[in-house]
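Note sheet for the following structure.
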Amino acid sequence: MQNVLEEALAIGRRYIAQGECASYIPELARADKNSLGVCVITRSMDRYAAGDTKTRFTIQSISKVISLVIALQHCGFDRVFEKMNMEPSGDAFNSLLKLDMASDKPFNPMINAGAITTAGYLVSEVSFDDMLKYARKVCMDDGIVMDQKVYESEMANCARNRAIAYLLQSKGILESDVEKSLDLYIRMCSLSVTAESLAGLGIVLATGGRHPETGVRLVDAEAVRIVKTIMLTCGMYDGSGEFAVRVGIPSKSGVGGGILAVAEKRMGIGIYGPALDAKGNSIAGCRMLEYLSKTLNLHMFAAET
Ligand code: GLU
């Protein structure tokens with residue numbers, strides 16, 4: 001496994017030059033574009049790591065997975081999907097287009113409109129502190145904190161998300177206080193994780209929501225099924241379809257450069273590579289996952305060997 005990860009890293013490095021760090025949140029542009037790391041945690045909790053797997057970076061959109069789990073557990077499926085669909089949008093993560101023109105509901109919980117709707121459900125139910133504690137638990141990483149600089153940088157540059165939030169309010173979808181919902185959404189995006197923490201969350205989801213060692217249930221089984229399915233269809237922005245064909249592992253990426261990948265019953269994979277492709281996915285990360293999927297036979301629909 002260690003050799004496979006080292007090889008994946010070498011393959012990924014070839015693509016870094018073609019990507020760019022996100023800059024619409026100024027603090028994210030300060031990341032080292034050449035950072036790259038991949039961590040695998042297996043169901044027996046064997047941990048393999050290559051490259052920059054201990055570097056802290058902000059979770060960004062991957063927090064949508066954690067927030068959705070919390071919302072499903074607190075509010076239940078019917079309430080969560082009363083005002084939100086579960087269809088891929090085919091548009092950019094921060095698009096307003098279809099929300100205004102084609103649909104009254106956000107397309108899914110993995111795009112910003114959906115995640116701000118989710119934050120609206122949660123703002124009166126759970127405190128940010130409790131969500132942070134839950135994130136530490138499901139990622140099996142007590143070192144997760146909110147990155148104050150990234151939080152402030154995004155708060156100072158969130159006109160687009162604010163526009164989405166007010167549009168949601170105008171349509172009667174976001175019923176909670178707009179600014180509080182937006183604040184909770186951005187706080188969750190600012191959690192600092194590592195490739196190892198994402199692999200930790202990955203193995204918890206891969207094993208049905210239980211801590212792989214203690215067997216203690218961390219995530220409700222039904223919530224696990226729902227988030228993995230939505231990750232498969234909507235987790236990689238408007239690149240989700242091609243990613244599903246090439247990689248075939250339910251995954252979620254964030255503009256901080258992280259990817260969480262959940263290889264069913266086998267392993268959690270966490271990636272850090274802040275150079276992004278045009279769709280906002282870690283450019284090297286996608287290539288590494290494609291390689292891992294082929295080499296370790298992780299595609300959901302892999303041919304029998
Ligand atoms: N905080 C970012 C935003 O809302 C998250 C985007 C992402 O990772 O896709 O713009």
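The structure displayed is predicted, hence computed values, not measured ones. We count ligands from 1, going down the list as the structure has it; atoms in each ligand are counted the same way. Excluded from the calculations below are hydrogen atoms, water molecules and symmetry mates; all remaining heavy atoms, backbone and side chain alike, are included.
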Per-atom contacts, ligand 1 versus [X] - under 4.0 Å to a heavy atom:
{"X": "Cys189", "answer": "1 (N)"}
{"X": "Gln60", "answer": "1 (N), 2 (C), 5 (C), 8 (O)"}
{"X": "Gly254", "answer": "8 (O)"}

Determine whether Gln73 and Tyr134 make a side-chain contact, defined as any pair of heavy atoms from C-beta on separated by less than 4.5 Å.
->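 Gln73 vs Tyr134: side chains touch.
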More than 12 heavy atoms from other groups under 6.0 Å of CZ on Arg30 |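 At most 12 heavy atoms, drawn from other residues, nucleotides or ligands, come within 6.0 Å of this atom.
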Glu82, CD atom: more than 12 neighbouring heavy atoms under 6.0 Å =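 It does: Glu82 CD has more than 12 such atoms within range.
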Tell me which part of [X] gets within contact of ligand 1: side chain, backbone, both or neither, using heavy atoms under 4.0 Å.
{"X": "Glu154", "value": "side chain"}
{"X": "Ser61", "value": "both"}
{"X": "Asn161", "value": "side chain"}

Arg162: what forms a side chain to side chain donor-acceptor pair (under 3.5 Å) with it, not counting sequence neighbours?
->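 Partners of Arg162 under the side chain to side chain donor-acceptor pair (under 3.5 Å) test: Glu179.
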Looking only at N/O atoms, are Val255 and ligand 1 under 3.5 Å apart anywhere?
->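 Between Val255 and ligand 1, an N or O pair is found under 3.5 Å apart.
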Which distance, rounded to the nearest 0.5 Å, do you find between the CZ of Arg210 and the CD1 of Ile203?
->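 Here the rounded value is 14.0 Å.
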Nearest to atom 10 (O) of ligand 1 by heavy atom, Tyr237, Tyr151, Tyr24, Tyr185: which?
->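 Nearest heavy atom to atom 10 (O) of ligand 1 lies in Tyr24.
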Applying side chain to side chain contact (heavy atoms under 4.5 Å, CB included), name anything that partners Glu20, two or more places apart in sequence or on another chain.
->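 Side chain to side chain contact (heavy atoms under 4.5 Å, CB included) check on Glu20 returns Lys33.
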